[in-house]
K.L.:
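I am attaching a structure below and will ask some questions about it afterwards.
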2 protein chains.
Amino acid sequence: MMNILVVEDEPGIHKFLKQGLEEEGYAVDVADDGHQGLALATGKSYHIMLLDWMLPGMSGLEICKQLRERHIDTPIIFLTAKDTIQETIEGLQAGANDYIKKPFSFEELLERIRVQLRNVKVSTESIIIENIKIDLNAHQVFKDEVEIHLTQKEFELLVFLIRNQGKVCTRKDIIEQVWDIHFDYDTGVIDVFVNGIRKKLDLDKETGFLQTIRGIGYLVR
Amino acid sequence: MMNILVVEDEPGIHKFLKQGLEEEGYAVDVADDGHQGLALATGKSYHIMLLDWMLPGMSGLEICKQLRERHIDTPIIFLTAKDTIQETIEGLQAGANDYIKKPFSFEELLERIRVQLRNVKVSTESIIIENIKIDLNAHQVFKDEVEIHLTQKEFELLVFLIRNQGKVCTRKDIIEQVWDIHFDYDTGVIDVFVNGIRKKLDLDKETGFLQTIRGIGYLVR
DNA sequence: TTTGTATGATGAATATTTTAGTAGTAGAAG
DNA sequence: CTTCTACTACTAAAATATTCATCATACAAA
């Protein structure tokens, strides 16, 4: 199930959106001031966020910028009365994915939400790569339909690498993003865990999809 | 270096878009009827496409649907006078990524194009020169679609030289930028690595794009 | 205890640099 | 025009350095 964060202070729209979106089957969280919005956005994982611009506490624009700075790439749609071209551009430059002016058609909003979800859908729910299936919700990994138990860190590492499919992840990237260590990149942990994953999933060092890029890091093909 | 396909029949808008986008540094192809548009869209690879809805031959909506059916996932922005909510939804459902109603602001269009390009950019960082393709994300090099393994330093050197395409890189430049050595420019390393690259990529000393400039350094044509 | 996570040591594989011999080039002198 | 000389580049192979996989083990949390 897809979950949506709505940050909106006007009680009328607030209620209308929550009800309308829930009827469509989305799980909706609502925040009615900027700080609460940012806190929810950073603390929990959403599939998409709808932001008003003018909010008590902190503006939607500011929330958007801060999220992008922290590399939280959840799609953001602005939903605002600020309707000039200049403001639209500013909102999009801040990192938003779409910008809808009030008053808006709920049907169009729904469709624009779906457009954004099309892009992320692939990377939520579950990922399949070769004979490996990864269920991101259940935190389960299957190899040829047989469940393979990965530990927490092994799972996180695998997901991180697969999410960056096609990009080389440097050791620094990995240690920062997966272990959240921002100094001393020089432990052998990564090697050990990669090794563990390869062993459990029976991935060949040479031919498997999880490749070593010597001197740099690792890459999922 | 992004290229855009514009499918639009009205000569005025047609010209205006081509010129405006080219001024922004995009490579623009224009088609003025539906069939030609589809042919270009399927035959060549674009980073983004702008489609009018009403077109002679085949509608933009139809083009969009056909492309999605063939799993061509290039971002599509509709740019059309069809301005009802119902039509907007129909356009987005057909697989478009954004829908802009005429008359539109060129500045806003530019920004919305950038939004779409943000998504693809990551996977598009590659350089092609003759029959050699260099994927900067995956750190991979292909010659005639076959992967050639270069070591870290070989890769760095090649990228450095290619990034300075057309400019002669002196030995000093190279040793400073690629090796980060700021004294003792007189080792034979560069020669050795150039030699290695030429060998692996099968570049002829005389005719290949990686040329020796005697007494100075090297040059990529 | 059991399970998950991190560290350190080892050796093998691979990358980088140095060295040295060969070959090619340009300018000067015969 | 040829030959000599000094210089520069090319190449292979040897020497050195780095990186990774693996194992054993230690520590921490459940």
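In what follows, chains carry the letters A, B, and so on, assigned in the order in which the sequence lines appear, proteins first and then strands, with residues in each chain numbered from 1.
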K.L.:
Within residues 149-168 of chain B, find the residues that approach DNA chain C with a heavy atom at under 4.0 Å, and present them sorted by residue number.
P.N.:
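Heavy-atom contacts with DNA chain C come from B/H149, B/T151, B/Q152, B/K153.
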K.L.:
Quick one: does A/E69's side chain have a donor or acceptor within less than 3.5 Å of a partner on A/Q66's backbone?
P.N.:
no
K.L.:
Between A/L40 and A/V30, which heavy-atom pair has the shortest distance, and what is it?
P.N.:
CD1-O, 4.3 Å
K.L.:
Specify the closest pair of heavy atoms between A/T74 and A/Y46, including all atoms of both residues, with the distance to one decimal.
P.N.:
CG2-O, 3.3 Å
K.L.:
Return the minimal non-hydrogen interatomic distance between B/Y218 and B/L210, and the atom names on each side.
P.N.:
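Heavy atoms of B/Y218 and B/L210 come nearest at CB-CD1, 4.2 Å.
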K.L.:
Let's see if you get this right: which residues in residues 188-204 of chain B place a heavy atom under 4.0 Å from DNA chain D?
P.N.:
B/D191, B/V192, B/N195, B/R198, B/K199
K.L.:
Are the side chain of A/R68 and the backbone of A/G95 linked by a donor-acceptor contact shorter than 3.5 Å?
P.N.:
yes
K.L.:
Between B/Q211 and B/E206, is there a donor-acceptor pair closer than 3.5 Å when you use the side chain of the first and the backbone of the second?
P.N.:
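Checking the backbone N and O of B/E206 against the side chain of B/Q211, a donor-acceptor pair under 3.5 Å is found.
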K.L.:
Once the angle between the rings of A/Y99 and A/F78 is folded into 0 to 90°, is it parallel (under 30°), tilted (30 to 60°) or perpendicular (over 60°)?
P.N.:
tilted
K.L.:
Kindly give the heavy-atom pair with the smallest separation between B/R112 and B/D98, and that separation in Å.
P.N.:
NH1-OD2, 2.8 Å
K.L.:
Could you state the atom-to-atom distance from NE2 of A/H139 to P of C/dG4 in whole Å?
P.N.:
15 Å
K.L.:
Check every nucleotide of DNA chain D for an atom under 4.0 Å from a heavy-atom of chain A, then give the first and the last such nucleotide from 5' to 3'.
P.N.:
D/dT18 to D/dC23
K.L.:
Which pair of non-hydrogen atoms, one from A/G166 and one from A/L219, has the smallest distance, and what is that distance?
P.N.:
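Where A/G166 meets A/L219 most closely, the heavy atoms are C-CD1, 3.5 Å.
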K.L.:
Specify the residue among B/I213 and A/I216 whose closest nucleotide of DNA chain D lies further upstream toward the 5′ end.
P.N.:
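Of the two residues, B/I213 wins.
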K.L.:
Determine yes or no for a side-chain-to-main-chain donor-acceptor pair under 3.5 angstrom, with B/R221 supplying the side chain and B/G208 the backbone.
P.N.:
yes
K.L.:
For a quick test of reading the model: is some side-chain N or O of A/W179 closer than 4.0 Å to OP1 or OP2 of C/dA6?
P.N.:
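A/W179 to C/dA6 OP1/OP2: side-chain N or O found under 4.0 Å.
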K.L.:
Using only side-chain N and O atoms of A/T187, determine if any of them is under 4.0 Å from OP1 or OP2 of C/dA6.
P.N.:
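So the side chain of A/T187 is outside the cut-off, no N or O lying under 4.0 Å from OP1 or OP2 of C/dA6.
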